[in-house]
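Index from 1, following the sequence. For ligands, and for the atoms within them, numbers begin at 1 and follow the listed sequence.
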Amino acid sequence: MTQAIIKKIRHLKKQRNAVILAHNYQIGEVQDIADFTGDSLGLSIQASTTGAETIVFCGVQFMAETAKILSPQKTVLLPEKTAGCPMADMIDAGSLGELKKRRPDALVVCYVNTTAQVKALSDYCCTSSNALQIVESLPAGREIIFVPDRNLGEYIVERTGRQMILWPGYCLTHARITQADVADAKKKHSGAIVIAHPECRKEVRDCADELLSTGGMLRFAAQSSHRSFIVVTEIGIIHTLKKQNPQKQFFPIADSAICGNMKKINLEKVLWSLEDMQYEILVAEDVRKRARAALDRMLEVLPTG
Ligand code: 13P
Ligand code: SF4
């Protein structure tokens with residue numbers, strides 16, 4: 001059954017001149033059928049450079065929207081229209097506009113986990129892999145508003161020493177992970193290196209050996225001389241970590257570290273998406289142009305995380 005679906009997807013992909021992009025948190029089968037898997041920055045770069053006419057985005061709404069902002073002439077499809085990001089929904093353009101009025105001189109840096117409208121009100125966009133470099137590149141002494149992830153924001157403040165006005169948003173999946181989870185995992189897997197995502201809470205970040213984006217985790221695991229890793233992020237990434245490093249061991253921090261929205265897409269939905277050309281992501285042109293400027297400034301900065 002699965003093989004038949006995969007065959008149909010491959011056939012339709014050619015017919016539609018489509019490319020399938022998948023985030024590292026997608027289910028294994030979806031990551032395996034994708035032309036490219038990666039973190040938010042890697043996927044944005046792929047979306048802006050692909051020659052395909054159609055992009056099937058296996059991720060959540062803000063990611064597909066980012067692809068559309070970067071490639072307006074392409075058809076961008078999200079196979080499950082309700083796949084959203086609760087953190088991105090913790091800020092809207094109206095509330096950011098109010099804050100900007102109160103701080104008219106501040107530069108706004110938005111995490112890529114935001115709507116197109118919020119990006120359109122921002123000066124710079126960033127992902128977890130280039131957030132430090134983006135903030136470091138801003139003029140010293142200039143006030144900075146950072147939205148919406150308070151945890152990523154705190155991490156940037158700790159690392160760069162820059163003071164920022166932080167929005168109180170957070171990722172529900174990473175917020176579930178506790179210091180006790182990390183302590184338990186360390187006891188069970190002594191000698192394993194702890195790699196964590198900066199969306200984790202401070203008590204968890206402080207227990208980590210390395211703080212990395214999901215793309216950074218994949219690069220780190222491949223290059224590291226260590227043999228075993230406790231992976232403190234959404235469990236979907238374990239699939240690719242194991243696939244790319246069969247001789248190493250990867251332990252998920254907790255079975256509950258699951259993003260329900262990232263798990264809404266499966267092979268059937270990818271197939272239906274290509275068959276029906278659904279669900280098309282559209283962004284109003286005036287919003288797109290302003291959001292694009294914030295993304296373009298981000299894409300000029302190379303990732304290190
Ligand atoms: P990255 O894959 O860019 O590290 O982002 C993690 C995430 O939570 C995406 O929603
Ligand atoms: Fe949003 Fe967190 Fe899910 Fe990423 S893992 S899509 S930040 S809720």
Worksheet entry | Contact atoms of ligand 1, heavy-atom distance to His197 under 4.0 Å | 1 (P), 4 (O), 5 (O), 6 (C)
Practice prompt. Specify side chain, backbone, both or neither for Ser128, according to which of its non-hydrogen atoms lie closer than 4.0 Å to ligand 1.
Written response: side chain
Worksheet item: Can you tell me which residue and heavy atom of the protein come closest to atom 1 (Fe) of ligand 2, and the distance to 0.1 Å?
Response: Cys85 SG, 2.3 Å
Worksheet item: Is there an N/O/S atom in Cys259 that lies less than 2.8 Å from atom 1 (Fe) of ligand 2?
Response: no
Practice prompt. Please could you name the atoms of ligand 2 that Cys171 approaches to less than 4.0 Å, counting only its heavy atoms?
Written response: 2 (Fe), 5 (S), 7 (S), 8 (S)
Worksheet item: Heavy-atom contacts under 4.0 Å between Asn113 and ligand 1: side chain, backbone, both, or neither?
Response: side chain
Worksheet item: Counting heavy atoms only, which part of Glu199 comes closer than 4.0 Å to ligand 2: side chain, backbone, both or neither?
Response: side chain
Worksheet item: Are there more than 12 heavy atoms of other residues, nucleotides or ligands under 6.0 Å from atom CG of Asp286?
Response: yes
Item to complete: Could you please spell out the steps behind the side chain to side chain contact (heavy atoms under 4.5 Å, CB included) verdict for Met277 and Thr54?
Response: CA-CA 9 Å; Met277 295 300 277; Thr54 299; 3.7 Å; yes
Worksheet item: What is the ring orientation for His189 with Phe251, classed by angle as parallel under 30°, tilted 30 to 60°, or perpendicular over 60°?
Response: parallel
Worksheet, complete the sentence: ligand 1 atoms nearer than 4.0 angstrom to some heavy atom of Ser213 are 4 (O)
Discussion item. Under a 4.0 angstrom heavy-atom cut-off, which atoms of ligand 1 come close to Ser40?
Written reply: 1 (P), 2 (O), 3 (O), 5 (O)
Worksheet item: Where on Glu234 is there a heavy atom closer than 4.0 Å to ligand 1, on the side chain, on the backbone, on both, or on neither?
Response: neither
Practice prompt. Quick one: look at Thr127 and ligand 1, take heavy-atom pairs under 4.0 Å, and tell me if it's side chain, backbone, both or neither.
Written response: neither
Worksheet entry | Heavy-atom closest pair, residues Ala18 and Ala52 | C-CB, 4.0 Å
Discussion item. Please determine whether side chain to side chain contact (heavy atoms under 4.5 Å, CB included) holds for the pair Ile27 and Ile265, giving the CA-CA distance in whole Å, both sets of side-chain angles, and the decisive distance to 0.1 Å.
Written reply: CA-CA 8 Å; Ile27 63 167; Ile265 295 174; over 6 Å; no
Worksheet item: Heavy-atom contacts under 4.0 Å between Asn261 and ligand 2: side chain, backbone, both, or neither?
Response: neither
Worksheet item: Touching ligand 2 at all, Asn113? Heavy atoms, strictly under 4.0 Å?
Response: yes
Practice prompt. Answer yes or no on whether Arg150 is positioned over the face of Tyr170, meaning its NZ or CZ is under 6.0 Å from the six-membered ring centre and within 45° of the axis.
Written response: no
Item to complete: For Ile55 and Ala67, work out which heavy atoms get closest and say how close.
Response: CD1-CB, 4.4 Å
Discussion item. Apply side chain to side chain contact (heavy atoms under 4.5 Å, CB included) to residues Glu53 and Lys74 and explain how you reach the verdict.
Written reply: CA-CA 5 Å; Glu53 284 168 63; Lys74 296 185 169 68; 5.9 Å; no
Practice prompt. Just need the protein heavy atom nearest to atom 9 (C) of ligand 1, so name the residue and atom and give the distance.
Written response: Met63 CE, 3.6 Å
Worksheet item: Is there a donor-acceptor pair closer than 3.5 Å between any side-chain N or O of Asn24 and the backbone N or O of Gly38?
Response: yes
Worksheet item: Are side-chain N/O atoms of Asp209 and His226 paired as donor and acceptor at under 3.5 Å?
Response: no
Worksheet item: Angle class for the Phe229/Phe220 ring planes (parallel below 30°, perpendicular above 60°, tilted otherwise)?
Response: perpendicular
Worksheet item: Among protein heavy atoms, which lies nearest atom 8 (S) of ligand 2, and at what distance?
Response: Pro86 CD, 3.5 Å
Discussion item. Evaluate Thr214 for polar contact with ligand 1, using N/O atom pairs at a separation under 3.5 Å.
Written reply: yes
Worksheet item: Relative to the heavy atoms of Glu199, which atoms of ligand 1 are at a distance of less than 4.0 Å?
Response: 6 (C), 7 (C), 8 (O)
